[in-house]
Amino acid sequence: MTEPRRRQIIEADLTWTGMQFEPGVQVEVDDTGRITRVGTLHTKATTRLTGQALLPGFVNAHSHAFQRGLRGRGERFPDGAGSFWSWREAMYALVNRLDAKSLFDLSVQAFQEMRSTGITTVGEFHYLHHLSDEDRFVFDTVVLDAARAVGIRIALLQTYYRTGGCGLPATGGQRRFLSTSLEGYWSQVDRLELTLDPTRESLGIAAHSLRAVPPDEVEQLHAESVRRGRPFHIHLEEQVQEVADCLDAYDQRPMTLLLDRLSTMENVTAVHCTHTDPTELTAFIDRGGSVSLCPLTEANLGDGIPPLGEISTTLRGVELCLGTDSNARIAMMEEMRGLEYAQRLKAERRGIFRDEDGTVARRLLRIATQGGARSLGVASGEIRPGLWADFAVVDMAAPILAGADPDTLLDSIVFGADPSVVTRTAVGGIWDR
């Protein structure tokens, strides 16, 4: 990055304080990269952001960085309509082409693009582990090295992948994902933990899905994640076929299995839940679970629209988080409004994710920041003392924000802006430019 950590007093023309943008707010950051004070500090600013607004950096709770290499590919359908399953074949073809250098380059490209759009933390759901059957887990450090090169905060969601489908052997590109045993998986987790920089890097535990991990092993993975105090993530009910396969193999839907098998949902994030029964989804959230939505990828793949409108008024916002998933488009503002707009189309009404004051943009921002931080177990997502100094800066003079005032600025950003309004980001108090 361009500068070392140092004590700072940051003052923007407007700062997001959790409920509104306010002028005259100063943010003190210590030389460890933590926020120490926020308010009217009556001191000289060391970083003055004139004409700018300061927000918490966005938290991308679900990414597959290597899939950035698919952008612009798989979008032609000469044989008729495509599907998630035909897209998956294009993804496997990419997997088979990747070596350490190309994976590093793609990951750097994805992470740089994230930072340029205001994302300061990425939850990297990482299952592309192996260069070959002999060179195992080589790619884990490649992804970490890419995050270090860019300076993005990373929660590496180290993913366990055991089968090629419910009870089926892995084939082709899937072999580069495999863990041959839980013991081997945990040994690699232990090795990775010794290499992490705790100021920017953390580990989470992930089971790829109930297609790729048998229920008994999902249960064991989760139990150990609880013992270690780590977040636990799993793809769940993204596709109708996935639900059908699970019913055929285990006589239960994926969410039903989770609710029956796991001791607690407090550290669990279920990714997608596109076809989850609303009653089960409510039970999952009531027991402390988080749901990671990826509206742009879910739309791109034709997954469907998750049944959130029926439960939206019971949510505080932190039970949900957002991810860029396949990275076909990296734009958290579009993920936020895509989440709201899809539910509006489904329900044929407006204001789905409104908060107690009827404000939608405020709740969507909470989902894109605090919700992701909660899911990943990262001390960020707000501008308040004790948290990491992870910020996104927005240019209030950008033409796309013309006419916005302090009361309407957040709505203008969420519903009218694109990532071009982001001028700078900081991760742990270190600015990208």
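Side-chain atoms are counted along with the backbone in the values below, which use heavy atoms only and exclude waters and symmetry mates.
For Ala93, the side-chain contact (heavy atoms from CB on, under 4.5 Å) partners two or more places apart in sequence, or in a different chain, are Arg97. Under the rule for a side-chain contact (heavy atoms from CB on, under 4.5 Å), the partners of Val240 that lie at least two apart in sequence or sit in another chain are His275. Taking the ring-ring contact (aromatic ring centres under 6.0 Å, His included) definition, one finds that Tyr160 meets it with Tyr185, sequence neighbours left out. In this structure, the ring-ring contact (aromatic ring centres under 6.0 Å, His included) partners of His62, at least two apart in sequence or on a different chain, are His64, Phe125, His235, His272. For Phe137, the ring-ring contact (aromatic ring centres under 6.0 Å, His included) criterion is met by His129, His130, not counting sequence neighbours. Partners of Ala283 according to the side-chain contact (heavy atoms from CB on, under 4.5 Å) rule, which considers only residues two or more places apart in sequence or in another chain, are Leu259.
For the 3.5 Å distance criterion, the side chains of Ser63 and Asp325 fail to qualify, holding no donor opposite an acceptor. Side-chain atoms of Asp357 and Thr359 form no donor-acceptor pair, as typed in the model, at a separation below 3.5 Å. Inspection of the Ser326 and Thr297 side chains reveals an N or O donor paired with an N or O acceptor under 3.5 Å. Of the N and O atoms on the side chains of Thr256 and Glu280, at least one donor lies less than 3.5 Å from an acceptor on the other residue. Inspection of the Ser375 and Ser290 side chains reveals no N or O donor paired with an N or O acceptor under 3.5 Å. Between the side chains of Asp30 and Thr36, not a single donor N or O lies within less than 3.5 Å of an accepting N or O. For Gln188 and Arg191, the side-chain atoms include at least one donor-acceptor pair closer than 3.5 Å. A side-chain N or O of Asp99 and one of Ser102 form a donor-acceptor pair less than 3.5 Å apart.
The two residues Leu308 and Leu339 make their nearest non-hydrogen contact at CD1-CD1, 3.9 Å. Residues Pro295 and Leu322 approach most closely at CD-CD2, 3.8 Å, considering heavy atoms. Annotation for Val38 and Pro385: closest pair CG2-CD, 4.0 Å, computed over non-hydrogen atoms. Between Ala53 and Leu409, the shortest heavy-atom distance links the atoms CB-CD2, 3.9 Å.
Each of Leu144, Val378, Ile430 was scored for a side-chain contact (heavy atoms from CB on, under 4.5 Å) with Arg200, with one residue passing: Ile430.
Sorted by first and then second residue, the salt bridge (Lys or Arg N to Asp or Glu O under 4.0 Å) pairs with a member in residues 150-168 read Arg153-Asp390, Arg162-Glu217; sequence neighbours excluded. Identified under the salt bridge (Lys or Arg N to Asp or Glu O under 4.0 Å) test for residues 100-111, with sequence neighbours left out: Lys101-Asp105. For residues 282-308, no residue pair satisfies the salt bridge (Lys or Arg N to Asp or Glu O under 4.0 Å) rule, not counting sequence neighbours. Sorted by first then second residue, the ring pair (Phe, Tyr, Trp, His ring centres under 6.0 Å) pairs that include residues 350-394, not counting sequence neighbours, number zero. Every pair passing salt bridge (Lys or Arg N to Asp or Glu O under 4.0 Å) that includes a residue from residues 236-246 is listed here, sequence neighbours excluded: Glu237-Arg253.
Salt-bridge formation is detected for the pair Asp216/Arg261: a Lys NZ or Arg NE/NH1/NH2 atom is positioned less than 4.0 Å from an Asp or Glu carboxylate oxygen. The pair Glu193-Arg230 meets the salt-bridge criterion, with a side-chain N (NZ, NE, NH1 or NH2) lying under 4.0 Å from an Asp/Glu carboxylate O. A salt bridge links Glu224 to Arg227: one of the charged nitrogens lies within less than 4.0 Å of a carboxylate oxygen. Salt-bridge annotation for Glu113 and Arg68: present, with a side-chain N of the basic residue lying under 4.0 Å from a carboxylate O of the acidic one.
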Which atom pairs, one a donor and one an acceptor, fall under 3.5 Å between side chains of residues 206-213 and the rest of the protein, sequence neighbours left out?
unit_1 : atom_1 : unit_2 : atom_2 : d
Ser209 : OG     : Arg211 : N      : 3.3
Ser209 : OG     : Ala212 : N      : 3.2

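Rounding to the nearest 0.5 Å gives a distance of 9.0 Å between CG of Leu262 and CG of Leu257.
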